[in-house]
Every structure is written in structure tokens, then in C-alpha cells.
Amino acid sequence: MIGKSLVSINDYTKDEYLKILDLAAKYEKQPKQTILQGYVVATLFYEPSTRTRLSFESAVNQLGGKIIGFSDTGTTSVTKGETLRDTIKIVSNYSDLIVIRHPLEGSARFASEVASVPVVNAGDGANQHPTQTLLDMYSIRKTQGTLDGLNIFMVGDLKYGRTVHSLLMAMSQFKTTFHFISPEELKMPDKYKQHLNDLGLKYHEHKDFTDIISEADILYMTRVQKERFSDPIEYEKVKNVYILKNHMLENTKDSLKVLHPFPRVNEITEDVDENTKAYYFTQALNGVYTRQAIVTSILDLN
Ligand code: CP
């Protein structure tokens, strides 16, 4: 991973996932260091973000590095017609590593091909979100004590949700049994199910999860990705299909944890927040340590 871009979760091996998670655990114990002193990380966000951008920036700041970048292309020369290629080539000369979020699938791969510094994909359209996956894996291992042999329930928008796509690819290396709960219109795409078939892994598709929730180790809730719908009426039909309420967690495993990459809209009612099985706020905090591990590993500083 040294000097290499992280565009797809498949860019890393199973051993590399585990190295990042182990390193993240060290950063959790000591997040404030000077290891990134003298380094500049650029965050180029062509799409809105709260957690990913700010946790990357917090991660770098806490390690003594500097951040440059933008969160609104309206203040940049993109509005004058500058291409992604030119922006990336220019910012390569201003920074040691580029973190990019962009609405187009494949944009981060393209950026990595034209950049002279490593590029980290912070989400490209409905495709992948590999750093989210690493923090999700960190959260899963920390709460379950293992990554192996778990029942992971993925609920909501499995078609457009890039976090579930990356998580499936990574967790398919750990003998996971997947349960996909979605409306017909938002089912897990065939290419991901084919990947599980090729590995001989079990997956089950459901329309509802209330009867089977007692089997879950991880309940991974997701938002319906409004911004990916071309027809607003189609979004209205599916936006509130799954809403997790506190009483629904009554007959679940003691060790169950509820994850959500956030932002949530209506998928989890606020009464769940006080339940000890709700882990999504700590999950977002884990993003700081995991991203510290990712940045410093790529820059070969550990
Ligand atoms: N989880 C996540 O990607 O959140 P943001 O869109 O706020 O970065």
C-alpha cells in the first residue's frame, strides 16, 4: 500500500486490511502525534460530505499535517470549465496525497492515473467508498471481536449505496453470510451477488427484516440515495420503506450492533440512539483513527 492509491477496496489484500485495522487501533490510543509534520493533504470534494471530509481533516490535523482543498466547487475554477484532469495535475504539485469525492463512477480511478501523488477515493458515485469500509471493518472487529463468520444484514438502498458495495467486497474475504433487505427497485446489483456466488458464499434476499433480525450480528442500515434518482416520484415510493425503531431491537442478540454510514434521514428513529446496540456515532469517530492509519500507511510513515 506504500505510495499506492486507494481507489477500490479490492486494491488492498486481506492482510493489508488487517494491517490498517491494527494501526488504527494504535491511533485510537494516541491520536495526537507529529508524524505528518511537513506533509500536505488535499481534500477535493465535488460532492457534499460531513463525516468523510471532516474526519480526514481531523485525522491529518491531529497528526500535525496541513490540509488544503475545497468542499464547494462553486468557489473553484471548475466553474470556469477546468477539467478534472487539469485540477488533479495542478493539485498534485501542491500536496503529498489527494483525497477526492466525485459524483462520477470511475472518477477516482481516473484521478489516480493522472496524479503524481497517491489518490484516495472518498466516494465515486454509486461505485465504492473504500475508506468507509475500512472504518466499518474496524467497528465490526472492535464490537464483535472478529471479522470471521458473521451474519451481516444490509438494509435499504443496496443498488446505489456505495458503502454496501465496498463492504460486501471486503467482508466476502471473511466467510460472511449476507442478508440483503431492500425494495425490489433497490436490490443489490447482480455483479456483487455473482462475486459471492463465485466464492461459494451464502446470501439471502428479503423484503422485510422484522422476522429475521434475531439472527443478525451487524445490522447495517443505509439511506435511500435521493441524489442518484433521475425520477423524484421513484424516490418518493421507496424513501421510507425501512425505519428501525427501538422496540424492534428487543429480541436481538446481546452482541448485535447497529451501524449506519450516515447521514441518516428516516431510517433509524432517535429513540434507538440510547440503546447500547446503537454504534453509529462511535463508528463515525472510528473514521478518524482509520483514516490516520490509511494516510500514514500510504505515505510510509509508520
Ligand atoms: N459516511 C459518509 O460518507 O458520510 P458523508 O457523506 O457525510 O461524508
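Indexing begins at 1, ligand by ligand and atom by atom, following the structure's order.
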A.B. asks: Scan for ring-ring contact (aromatic ring centres under 6.0 Å, His included) pairs involving residues 253-277, sequence neighbours excluded, and state none if there are none.
C.D. replies: H260-F262, F262-Y280, F262-F281
A.B. asks: Does E234 pair with K159 as a salt bridge, N-O distance under 4.0 Å?
C.D. replies: no
A.B. asks: Less than 4.0 angstrom from a charged side-chain N to a carboxylate O is my criterion; do E47 and R228 meet it?
C.D. replies: yes
A.B. asks: Filter on salt bridge (Lys or Arg N to Asp or Glu O under 4.0 Å), then keep only pairs touching residues 1-20, sequence neighbours left out; what's left?
C.D. replies: D11-R109
A.B. asks: Applying salt bridge (Lys or Arg N to Asp or Glu O under 4.0 Å) as the test, list every pair that has at least one member in residues 125-146; sequence neighbours left out.
C.D. replies: D22-R141, E28-K142
A.B. asks: What residues sit with at least one heavy atom under 4.0 Å from ligand 1?
C.D. replies: S49, T50, R51, T52, R101, H129, Q132, P261, F262
A.B. asks: Should the ring pair F209 and Y242 be called parallel, tilted or perpendicular, given that the plane angle runs from 0 to 90° and is split at 30 and 60?
C.D. replies: tilted
